[in-house]
Amino acid sequence: MTKQLVLFCDFDGTITENDNIIAIMKQFAPPEWEALKDDILAQRISVQEGVGKMFSLLPSALKGEIVDFLLSTARLREGFREFVAWTKEQSIPLYIVSGGIDFFVYPLLEGLIEPERIFCNGSDFSGETIRITWPHACDGECQNGCGCCKPSLLRKLARPDGYHVVIGDSITDLAVARQADYVLARDFLLEKCQELDLPHAPFATFFDVMDALQRMEVIV
Ligand SMILES: [Mg+2]
Ligand SMILES: [Zn+2]
């Protein structure tokens, strides 16, 4: 039986070389953001609570400036454009599952990924400060306060005939990586895959990702 490859790819630190929320905070937020970041990393507060509070430190009027800043500084990882073209050629579904925010994820992926394939957090600029909205919050099976819940999205988008591959880099990809058939990992997620003995391969560029997937198709 042949299975259909279905890809779930993280955005920050995976498609882009750096984490865009951290870059935004460093550039625009008052120093309080650092304590919130530390609280998230120490799991004293959920990602949802921490990210919501970080963005509430920023005036809504900064929207345009933030987007311009990221468009001129964020770098897409080597091979990403070729990888996207390859998945289209092969008709392999590629979903972007991101804890990032719509107002910068969509512009950075414009012309590459169709908006309906992108799952991330939302934003509301109608108030004094930026309010984050959560269109993909945790389903009944997850209590982690993920904000954008990747395990919930995999449950929703999985196919009965699918071979589900997660591509990611950080702690926020770990729960979904455990549910996947295979993981392509870098950085912290790679260490965790090794430690937990999850089926995985490392990657540095999206050419590595393509190589690994091409080999996998034979096995699948
Ligand atoms: Mg990431
Ligand atoms: Zn969740």
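Whatever order the structure lists ligands and atoms in, that order sets their numbers, starting from 1. Treat the numbers as computed from the prediction; the structure is a model and nothing was measured.
- Annotation: protein N, O or S atoms under 2.8 Å of the Zn ion (ligand 2) (waters excluded) comprise C138 SG, C142 SG, C146 SG, C149 SG.
- Residue pairs meeting the ring-ring contact (aromatic ring centres under 6.0 Å, His included) criterion with at least one member in residues 36-65, sequence neighbours excluded, do not occur.
- Counting only N and O atoms by type, the side chains of S123 and D102 include a donor and acceptor under 3.5 Å apart.
- The aromatic rings of F11 and F104 sit tilted, their planes meeting at an angle between 30° and 60°.
- Within the protein, the number of N, O or S atoms lying under 2.8 Å from the Mg ion (ligand 1) is 3.
- Salt bridge status for K156 with D139: absent, with no side-chain N to carboxylate O gap under 4.0 Å.
- Ring-plane geometry between F69 and F28 is classed as perpendicular, the angle between the planes exceeding 60 degrees on a 0 to 90 degree scale with a lower cut at 30.
- In terms of modelled atom types and a separation under 3.5 Å, the side chain of E32 and the main chain of A29 share no donor-acceptor contact.
- Residues meeting the ring pair (Phe, Tyr, Trp, His ring centres under 6.0 Å) test with F83, sequence neighbours left out: F206.
- Between K88 and E114 there is a salt bridge, since at least one side-chain N of the basic residue sits less than 4.0 Å from a carboxylate O of the acidic one.
- Residues S72 and D68 bring no donor and acceptor atom of their side chains to less than 3.5 Å of each other.
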